[in-house]
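Below is one structure, written out as structure tokens, with a few remarks after it.
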Amino acid sequence: MKPTNDNSYIYITEQKEYIDRMRADNEGYAAENGQRRRAYVLTFGCQQNEADSEKIKGMACDMGYVLTDTPKDADLIIVNTCAVREHAEQKALSFIGEYKHLKAKKPELLIGVCGCMVSQAHRQNELKNSNPYVDFIFGTSSLHLLPQIICEKISKGKRIYYPFSENTEVAECIPIKRESTYRAWVSIMYGCNNFCSYCIVPYVRGRERSRKKEEIIAEVSSLINDGYKDITLLGQNVNSYGKSEGFDYDFADLLAELANLAPEREYKIRFMTSHPKDATHKLIDVMAENSEHIAQHFHLPMQSGSDRILKIMNRHYDIERYLKSVDYMRSVMPDIALTTDIIVGFPGETEEDFECTLEMLRRVKFDMIFSFIYSPRKDTPAAAMEDQIPANVKSERFNRLLAVQNAISLEKNKPFENKTVRVLCDGPSKNNENVFSGRSDGNKIVFFDGDSDDIGRFIDIDIYRGDTFALYGTKATK
Ligand code: 5AD
Ligand code: SF4
């Protein structure tokens with residue numbers, strides 16, 4: 001099972017001396033000042049970034065920091081950025097701008113910026129030149145070097161830059177401080193080889209590299225033993241797991257093994273994201289055969305309903321192929337929840353192309369869609385294309401798309417009325433602490449009359465209302 005290419009697997013043990021050094025320093029500070037130094041981590045973007053931030057927090061805790069939710073109390077602030085759309089970058093930059101005032105009040109405050117935004121050279125330069133109070137910047141490929149970066153910053157006193165490097169390493173054994181005690185992310189691979197013409201990810205996260213099966217199985221086993229109930233496997237394109245390494249097992253094999261790790265325990269495995277060009281019948285069969293432990297939900301980003309646009313997007317499938325996968329899924333899992341990503345206003349998208357996308361929504365009837373207005377990303381092929389769509393046309397199409405989908409989501413949720421749905425309870429909802437929320441197997445939000453004992457448990461809910469964005473119910477009495 002030796003990797004056939006030259007990917008190397010490195011271990012965080014190399015960082016141990018830096019972790020120990022920082023811990024000694026932080027303990028000295030705590031003894032002198034009667035309180036520990038505090039770390040604040042702000043995260044933008046996708047689940048992969050959430051997972052990376054849990055590693056940043058894990059390393060910070062090992063270095064002797066305690067975590068805080070208030071940046072003004074922090075001695076260390078790390079902003080984990082996203083670059084997938086312009087809006088995410090602007091938001092991060094505006095938060096980073098605010099921290100200037102904190103640094104002015106507390107000069108010993110350390111501020112670091114990492115993630116996808118700063119893995120682009122132009123953004124890194126911009127921060128270097130315009131934000132002199134930022135102490136260190138590190139790209140996605142240097143996440144595991146955080147202890148060393150902080151030590152270097154302190155010992156050398158200079159600003160530290162670890163630009164994004166196209167490395168092929170997979171870092172193992174990074175400590176993780178998980179947000180939840182019952183839901184967990186597990187990265188199974190990093191990077192992307194697909195180069196969809198609109199997407200920045202391959203440039204900021206590098207080429208695909210997969211973790212070894214043994215490492216993933218060990219992590220998932222220990223999560224199940226620790227009582228985790230909902231485990232999401234992460235990768236930009238999980239269907240090509242292990243391909244670059246030439247592993248003699250594929251994603252479907254991995255999933256089947258994880259589904260059978262602890263047959264007697266109640267847990268669900270999820271995964272995201274899949275690429276339609278690689279979604280195999282084998283994978284769908286594994287899901288169908290292991291419905292007890294694999295959530296019956298498939299997130300399959302379609303991006304557009306027009307073959308012409310899919311071609312320019314460099315997606316390598318057409319609508320016929322996409323529909324075949326959907327039809328096969330529904331033939332073996334009639335109740336599967338299907339979700340997708342749609343980009344509106346890709347360069348050159350005509351009214352007819354957009355109509356094809358609406359037509360696909362009506363044909364497939366997704367349970368939910370994640371829709372995005374096309375955002376040009378510097379140095380991607382689509383950003384250089386002529387016939388960019390004007391902002392007003394993009395937003396008008398976006399609103400029409402939502403109106404069509406909202407009616408479909410309602411239509412999909414209505415049939416849940418008077419049915420019982422098993423839900424993993426998350427706790428009081430954001431807007432009303434008397435109403436609890438949770439997620440169904442199909443990842444639908446469910447609101448109900450829970451209590452604190454339910455948090456982190458599976459419970460049956462009798463649904464009385466199926467609405468556009470959520471299901472509403474009461475705890476089943478039987
Ligand atoms: N503009 C808008 N949406 C984008 N996505 C990726 N790149 C862009 C972009 N430049 C969307 C895709 C992808 C999701 C995670 O983000 O739909 O599936
Ligand atoms: Fe981006 Fe395409 Fe890779 Fe997804 S598959 S991360 S959309 S390049």
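Sequential numbering from 1 along the given sequence is applied to the chain's residues.
Using a cutoff of 4.0 Å between basic side-chain nitrogens and carboxylate oxygens, Lys57 and Glu54 are not scored as salt-bridged. Between Glu245 and Arg209 there is no salt bridge, since none of the side-chain N atoms of the basic residue sits less than 4.0 Å from a carboxylate O of the acidic one. Between Lys324 and Glu320 there is a salt bridge, with a side-chain nitrogen of the basic residue lying less than 4.0 Å from a carboxylate oxygen of the acidic one. Salt-bridge formation is not detected for the pair Lys394/Glu349: no Lys NZ or Arg NE/NH1/NH2 atom is positioned less than 4.0 Å from an Asp or Glu carboxylate oxygen. Salt-bridge formation is not detected for the pair Glu417/Arg465: no Lys NZ or Arg NE/NH1/NH2 atom is positioned less than 4.0 Å from an Asp or Glu carboxylate oxygen. The residues Asp426 and Arg183 are annotated as salt-bridged, a charged nitrogen and a carboxylate oxygen being separated by less than 4.0 angstrom. With respect to Asp52 and Arg205, a salt bridge is recorded, a charged nitrogen being found less than 4.0 Å from a carboxylate O. For the pair Lys414 and Glu411, the salt-bridge criterion is not met [side-chain N within less than 4.0 Å of a carboxylate O]. Salt bridge absent: Glu292 and Arg422 never bring a charged side-chain N and a carboxylate O closer than 4.0 Å. A salt bridge links Arg123 and Glu89; the closest N-O separation between the charged side-chain nitrogens and carboxylate oxygens is under 4.0 Å. Residues Glu359 and Arg362 are paired through a salt bridge, judged by an N-O separation under 4.0 Å between the basic side chain and the carboxylate.
Around atom CZ of Arg457, no more than 12 heavy atoms belonging to other residues, nucleotides or ligands sit under 6.0 Å away. Summarising the local packing, NZ of Lys91 is surrounded by 12 or fewer heavy atoms from other residues, nucleotides or ligands at distances under 6.0 Å. Around the CD atom of Glu264, the shell of radius 6.0 Å holds more than 12 heavy atoms that belong to other residues, nucleotides or ligands. Heavy-atom neighbours of His87 NE2 from other residues, nucleotides or ligands within 6.0 Å: at or below the threshold of 12. More than 12 heavy-atom neighbours from other residues, nucleotides or ligands sit within 6.0 angstrom of NZ on Lys282. Other residues, nucleotides and ligands contribute more than 12 heavy atoms inside 6.0 Å of the NZ atom of Lys475.
Residues Asp367 and Thr339 bring no donor and acceptor atom of their side chains to less than 3.5 Å of each other. Side chains of Ser437 and Ser429: a donor-acceptor N/O pair is absent below 3.5 angstrom, by distance only. In this model, a donor atom of one side chain and an acceptor atom of the other lie less than 3.5 Å apart for Thr350 and Asp353. A donor and an acceptor atom, one from each side chain of Gln48 and Gln236, are nowhere located under 3.5 Å apart. Between the side chains of Asn443 and His299, not a single donor N or O lies within less than 3.5 Å of an accepting N or O. There is a side-chain donor-acceptor pair under 3.5 Å between Tyr198 and Gln303. In this model, a donor atom of one side chain and an acceptor atom of the other lie less than 3.5 Å apart for Asn237 and Asp278. In the model, Asn194 has a side-chain atom that pairs as donor or acceptor with a side-chain atom of Lys277 under 3.5 Å. For Gln124 and Gln120, the side-chain atoms include no donor-acceptor pair closer than 3.5 Å. Using a 3.5 Å distance cut-off with no hydrogens or angles, the side chains of Glu208 and Ser240 do pair a donor with an acceptor.
Taking the ring axis of Phe372 as reference, the NZ or CZ atom of Arg85 stays within 45° of it and closer than 6.0 Å to the ring centre. Within the cation-pi definition used here (under 6.0 Å to the ring centroid, within 45° of the axis), Lys213 does not qualify as a partner of Phe247.
Under the 30°/60° scheme for interplanar angles, the aromatic rings of Phe346 and Tyr374 are found to stand perpendicular. Between Tyr322 and Tyr317, the ring planes lie tilted relative to each other; the angle falls in the 30° to 60° range. Using a 30° and 60° split on the angle between ring planes, His281 and Tyr328 fall in the parallel class, below 30°.
With ring centers used as reference points, Phe251 lies under 6.0 Å from Phe271. Taking the six-membered ring wherever Trp is involved, the centroid distance between the rings of Tyr228 and Tyr182 does not fall below 6.0 Å.
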